[in-house]
Amino acid sequence: MLHIQRKDNADAAGELTAEDFAGPEGAQNVLDLLAAHPSAFHATDRPDLVVAVSGERLMRDSGSEFFELVATLHRIEEDTVSTLDMIVDDFDNGLPGLTRTGPALVDEALDAIAEMVNSALTEAALLFDRPKVTL
């Protein structure tokens with residue numbers, strides 16, 4: 001099973017606190033965190049895969065904002081690059097439950113994102129591993 005792990009490259013979160021990553025306003029801080037750490041994740045035991053995790057701010061027809069976490073997997077072979085984009089989760093509530101400060105807060109947030117990606121990958125694997133149903 002493919003497993004995504006965070007690389008050890010966190011830096012200080014500046015003036016941010018755990019509360020700054022929670023709630024609808026926290027989602028933007030998660031986007032900023034991902035933009036500041038573009039190569040923070042990798043696939044364990046799969047050197048042929050490159051993993052990029054990003055977030056998107058989108059707009060509903062009603063005009064309200066919502067946020068999605070997106071993982072992009074690139075498998076690099078000799079003459080081919082295959083890409084899979086996967087919506088991991090919506091994260092309108094940001095990353096509630098964070099408790100640390102400083103660099104440890106960034107570590108905790110990136111670890112939480114890696115867990116979300118791994119959960120989505122597990123769910124996708126189960127979806128494609130189910131027996132086919134004939135009607």
Side-chain angles (χ1 to χ4, degrees):
M1 170 69 67
L2 179 63
H3 182 77
I4 305 303
Q5 186 174 337
R6 185 184 52 79
K7 294 179 184 175
D8 294 324
N9 67 345
D11 56 4
E15 299 297 316
L16 294 176
T17 66
E19 292 80 30
D20 292 321
F21 287 106
E25 300 81 23
Q28 182 60 51
N29 288 327
V30 175
L31 292 179
D32 295 341
L33 176 72
L34 289 169
H37 296 86
S39 60
F41 303 96
H42 67 99
T44 58
D45 300 326
R46 290 293 306 267
D48 60 327
L49 287 180
V50 175
V51 180
V53 180
S54 62
E56 297 178 347
R57 172 188 277 181
L58 304 165
M59 194 72 75
R60 292 185 176 95
D61 290 338
S62 65
S64 63
E65 293 180 329
F66 68 103
F67 298 85
E68 289 181 338
L69 188 63
V70 179
T72 302
L73 306 174
H74 302 282
R75 185 178 70 213
I76 301 170
E77 297 174 338
E78 193 169 314
D79 295 326
T80 308
V81 175
S82 302
T83 301
L84 169 71
D85 290 324
M86 179 176 62
I87 297 173
V88 172
D89 201 348
D90 66 31
F91 64 109
D92 290 343
N93 292 322
L95 295 172
L98 301 180
T99 59
R100 298 181 182 158
T101 59
L105 173 61
V106 174
D107 288 339
E108 185 180 29
L110 293 173
D111 285 342
I113 292 167
E115 285 179 31
M116 293 171 73
V117 172
N118 284 321
S119 292
L121 287 169
T122 299
E123 289 175 20
L126 291 174
L127 176 69
F128 291 106
D129 196 32
R130 293 186 179 157
K132 294 181 181 177
V133 176
T134 305
L135 301 176

K.L.:
Do the side chains of F66 and M86 join up, straight or via other hydrophobic residues, at under 4.5 Å, putting them in one cluster?
P.N.:
no

K.L.:
Just to verify, what does H74 make a side chain to side chain donor-acceptor pair (under 3.5 Å) with, not counting sequence neighbours?
P.N.:
T83

K.L.:
Do M116 and L95 come within less than 4.5 Å of each other through their side chains, counting heavy atoms only?
P.N.:
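Yes, side chains in contact.
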
K.L.:
For D61, give me all partners under side-chain contact (heavy atoms from CB on, under 4.5 Å), at least two apart in sequence or on another chain.
P.N.:
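Here no residue qualifies.
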
K.L.:
For Q28, give me all partners under side-chain contact (heavy atoms from CB on, under 4.5 Å), at least two apart in sequence or on another chain.
P.N.:
L31, D32, R57, F67

K.L.:
Only counting residues at least two apart or in another chain, list the ones meeting side chain to side chain donor-acceptor pair (under 3.5 Å) with D89.
P.N.:
none

K.L.:
Taking side-chain contact (heavy atoms from CB on, under 4.5 Å) as the test, write out the residues that go with A114, two or more places apart.
P.N.:
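By the side-chain contact (heavy atoms from CB on, under 4.5 Å) rule, A114 matches F41.
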
K.L.:
Flag the pair V51 / L73 as yes when at least one side-chain heavy-atom distance between them is below 4.5 Å, and no otherwise.
P.N.:
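Contact flag for V51/L73 side chains = yes.
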
K.L.:
CG of L49 to OG1 of T44: how many Å apart, nearest 0.5 Å?
P.N.:
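That separation rounds to 9.5 Å.
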
K.L.:
Do the non-hydrogen side-chain atoms of I113 and V88 ever get within less than 4.5 Å of each other?
P.N.:
no

K.L.:
Test of understanding: with side chain to side chain donor-acceptor pair (under 3.5 Å), list the residues that count as partners of E19, not counting sequence neighbours.
P.N.:
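For E19 the side chain to side chain donor-acceptor pair (under 3.5 Å) partners, ignoring immediate neighbours, are T17.
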
K.L.:
Please report the closest heavy-atom contact between L33 and A109, naming both atoms and the distance.
P.N.:
CD2-CB, 3.5 Å

K.L.:
Can you name the residues that form a side chain to side chain donor-acceptor pair (under 3.5 Å) with T72, not counting sequence neighbours?
P.N.:
D85

K.L.:
Would you list the pairs meeting salt bridge (Lys or Arg N to Asp or Glu O under 4.0 Å) in which at least one residue belongs to residues 91-100, sequence neighbours left out?
P.N.:
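Qualifying pairs, neighbours excluded: R60-D92.
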
K.L.:
Do V53 and V50 land in one hydrophobic cluster if side-chain heavy atoms of ILVMFWY residues count as linked below 4.5 Å?
P.N.:
no

K.L.:
What do you reckon, is CG of D45 surrounded by more than 12 foreign heavy atoms closer than 6.0 Å?
P.N.:
no

K.L.:
What pairs of residues pass the salt bridge (Lys or Arg N to Asp or Glu O under 4.0 Å) test when at least one of them lies in residues 110-126, not counting sequence neighbours?
P.N.:
R6-D111

K.L.:
Give me the atom names and distance for the closest heavy-atom approach of A22 to P96.
P.N.:
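Heavy atoms of A22 and P96 come nearest at CB-CA, 4.1 Å.
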
K.L.:
Who passes side-chain contact (heavy atoms from CB on, under 4.5 Å) against E56, sequence neighbours left out?
P.N.:
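Expected list: L58, E68, V70.
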
K.L.:
Where do L34 and G55 come nearest, in terms of heavy atoms and distance?
P.N.:
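In terms of heavy atoms, the two residues are closest at CD1-N, 3.9 Å.
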
